[in-house]
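What follows is a set of notes on a single structure, which appears directly below.
Residue numbers count from 1 along this sequence.
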Amino acid sequence: MGKVWLVTGASRGLGREIARAALDAGETVVATARSADAVIDAFGSEHDRLHAIALDITDAEAAHSVAAKTCKRFGAIDVLVNNAGYAELGFFETFTDAAVRRQFEVNLFGTMNVARAVAPHMRERRSGLLVTISSVSGLVSSGGGSVYSASKFAVEGWMEGLAQELAPFGIRSLLVEPGMLRTDFMDGKSASFGSIDIPDYAEASAQYRAFVDAANGNQPGDPKLLAAQIVGLVSQAKTPSRLIFGDDARQWAATKVDQLRQEIAQSVEHV
Ligand code: NJP
């Protein structure tokens with residue numbers, strides 16, 4: 001039967017590619033999205049090892065129910081891919097409080113809901129792997145991405161600590177930080193934009209929106225390639241704690257590390 005994977009946000013984008021790559025590797029995949037039909041549409045009915053279940057990750061009870069059903073039917077969840085997420089794009093002051101909270105509700109609290117539902121089953125078996133799709137925006141922030149980055153920085157802080165909490169129980173963790181991937185991420189189907197008009201931000205917002213529209217569909221990162229790398233890493237006995245994917249992501253992360261080193265050195269001078 002291979003390993004049992006539970007993948008969130010598997011109807012489209014990276015989640016769909018990870019589910020596909022795992023199926024191709026002979027694994028059993030419980031693939032979830034807000035609508036099970038969307039998952040079935042994405043995969044057709046050709047896979048007998050694919051099981052589509054509806055899961056809105058903001059629904060904690062549903063997350064517990066999916067985890068319990070999966071363990072009952074297949075005996076375990078060997079790999080959780082906590083992937084579902086979306087971006088609120090634009091300048092902080094153009095967002096309502098509700099939009100900022102929605103961003104955290106999905107990217108942070110939703111992701112926590114699924115981990116909270118799956119971790120007890122992994123602890124019981126003293127085994128499992130938690131793959132969390134964060135972002136290079138969880139390491140580096142920039143104008144127009146402040147709200148999205150805030151949610152992914154939170155994911156990073158939470159997972160970096162949780163990985164240490166779970167390690168004594170034989171549970172491994174992998175944080176994935178992609179650069180820009182060719183998915184629906186920047187499309188109107190997924191991304192949402194700040195809705196408050198503020199004249200001071202009008203020009204910068206228009207420029208940012210034009211950048212997003214131009215980038216949409218032309219992102220350098222291939223989600224299939226990342227999916228293959230993730231499936232490859234999962235099959236190894238030892239997994240790294242991080243996978244920074246794409247030249248863009250590695251460059252941004254390296255620049256941030258250089259800046260931090262400089263700032264640390266300067267901080268010493270100020271003592
Ligand atoms: O995006 P997209 P990606 N509950 O829009 C699902 C991160 N990332 O594959 O319910 C459950 O093609 C949605 O399902 P549906 C990013 O932050 C991306 O690029 O049918 N599911 C769909 O399957 C995210 O964490 C880039 O709408 C929910 C999927 O999520 C992950 O990669 C760069 C849901 C989104 O598919 C996958 O995003 C980066 C909910 N409440 C990080 N809300 C990038 N693409 O450039 C959404 O650094 N979904």
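Contact of the V106 side chain with the I57 side chain is registered, since non-hydrogen atoms from C-beta on lie closer than 4.5 Å. When side chains are defined from C-beta on, V155 counts as touching T132, because their heavy atoms get closer than 4.5 Å. Between L226 and V176, some side-chain heavy-atom pair lies under the 4.5 Å cut-off. Contact annotation: the side chain of I40 approaches that of D37 to within less than 4.5 Å [non-hydrogen atoms, C-beta and beyond]. Two residues are said to be in side-chain contact when any heavy atoms from C-beta on lie closer than 4.5 Å; I133 and L175 fail this criterion. Counting only heavy atoms from C-beta outward, the side chains of S134 and M159 never approach each other to under 4.5 Å. Contact of the L6 side chain with the T32 side chain is registered, since non-hydrogen atoms from C-beta on lie closer than 4.5 Å. Side-chain contact between L166 and L130 is present, with heavy atoms from C-beta onward closer than 4.5 Å.
L162 CG to R116 CZ: the interatomic distance, rounded to the nearest 0.5 Å, is 10.0 Å. In this structure, CG on L108 lies 11.5 Å from CD on E156, to the nearest 0.5 angstrom. The structure places CG of L260 at 5.5 Å from CD1 of I264, a figure rounded to the nearest 0.5 Å.
Under the 3.5 Å distance criterion, the side-chain polar atoms of N83 are matched with a main-chain donor or acceptor of T8. A donor-acceptor pair is defined here as one N or O able to donate and one able to accept, closer than 3.5 Å; no such pair exists between the side chain of E88 and the backbone of F104. For the pair D59 (side chain) and L55 (backbone), a donor-acceptor distance under 3.5 Å is absent. The backbone N or O of Q251 sits less than 3.5 Å from a side-chain atom of T255, completing a donor-acceptor pair. With E17 contributing its side chain and P223 its backbone, the two residues share no donor-acceptor pair below 3.5 Å. Using a distance-only test at 3.5 Å, with no hydrogens or angles considered, no donor-acceptor pair links the side chain of R182 to the main chain of N218. In this structure, the side chain of D222 does not engage the main chain of L181 through any donor-acceptor pair within 3.5 Å. At distances below 3.5 Å, not a single donor-acceptor pair connects side-chain atoms of K3 with backbone N or O atoms of G26. Looking only at distances, a side-chain donor or acceptor of N82 sits under 3.5 Å from a matching main-chain atom of T111.
With F169 as the fixed residue, the side chain to side chain contact (heavy atoms under 4.5 Å, CB included) test singles out one of M122, R125, R123: R123.
Applying the side-chain hydrogen bond (donor to acceptor under 3.5 Å, both in side chains) criterion to R250, with sequence neighbours excluded, gives D247. The side-chain hydrogen bond (donor to acceptor under 3.5 Å, both in side chains) search around E160 returns R242, not counting sequence neighbours.
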Run the numbers on S190 and R12 for side chain to side chain donor-acceptor pair (under 3.5 Å), then give the verdict. CA-CA 10 Å; S190 294; R12 299 181 277 133; 2.8 Å; yes
Verdict with reasoning, Q103 to S151, per side-chain contact (heavy atoms from CB on, under 4.5 Å): CA-CA 7 Å; Q103 179 73 103; S151 73; 3.8 Å; yes
Apply side-chain contact (heavy atoms from CB on, under 4.5 Å) to residues T28 and W5 and explain how you reach the verdict. CA-CA 6 Å; T28 294; W5 291 53; over 6 Å; no
Tell me, with the steps shown, if Q236 and V234 meet side-chain contact (heavy atoms from CB on, under 4.5 Å). CA-CA 5 Å; Q236 294 176 7; V234 168; over 6 Å; no
From CA spacing to verdict: side-chain contact (heavy atoms from CB on, under 4.5 Å), V79, V4: CA-CA 6 Å; V79 183; V4 179; over 6 Å; no
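Heavy-atom contacts from other residues, nucleotides or ligands closer than 6.0 Å to NZ of K69 number 12 or fewer. In Q266, the CD atom is crowded: over 12 heavy atoms of neighbouring residues, nucleotides or ligands sit closer than 6.0 Å. Residue R261 qualifies as open at atom CZ: its count of foreign heavy atoms under 6.0 Å is 12 or below. The number of heavy-atom neighbours closer than 6.0 Å to CD of E61, taken from other residues, nucleotides and ligands shown, is 12 or below.
F43 does not carry R16 over the face of its six-membered ring by the limits of under 6.0 Å from the centre and within 45° of the normal.
Hydrophobic cluster membership for W252: L89, F91, V136, L139, V140, Y148, M180, F185, M186, F193, I196, I198, Y201, Y208, F211, V212, I244 (Ile, Leu, Val, Met, Phe, Trp, Tyr linked by side-chain heavy atoms under 4.5 Å, directly or transitively).
Between D56 and R34, no side-chain nitrogen of the basic residue sits less than 4.0 Å from a carboxylate oxygen of the acidic one, so the salt-bridge criterion is not met. A salt bridge does not link R20 with D24: every distance from a Lys NZ or Arg NE/NH1/NH2 to an Asp or Glu carboxylate oxygen is 4.0 Å or more.
In this structure, W158 is a member of the same hydrophobic cluster as I171, with clusters built from ILVMFWY side-chain heavy atoms closer than 4.5 Å. Note on L225: it clusters hydrophobically with V131, by side-chain heavy-atom contacts below 4.5 Å among ILVMFWY residues. If you chain together hydrophobic residues whose side chains sit under 4.5 Å apart, F153 and V147 never meet in one group.
Of all non-hydrogen atoms in A249 and P178, the two that sit nearest each other are CB-C, 3.9 Å.
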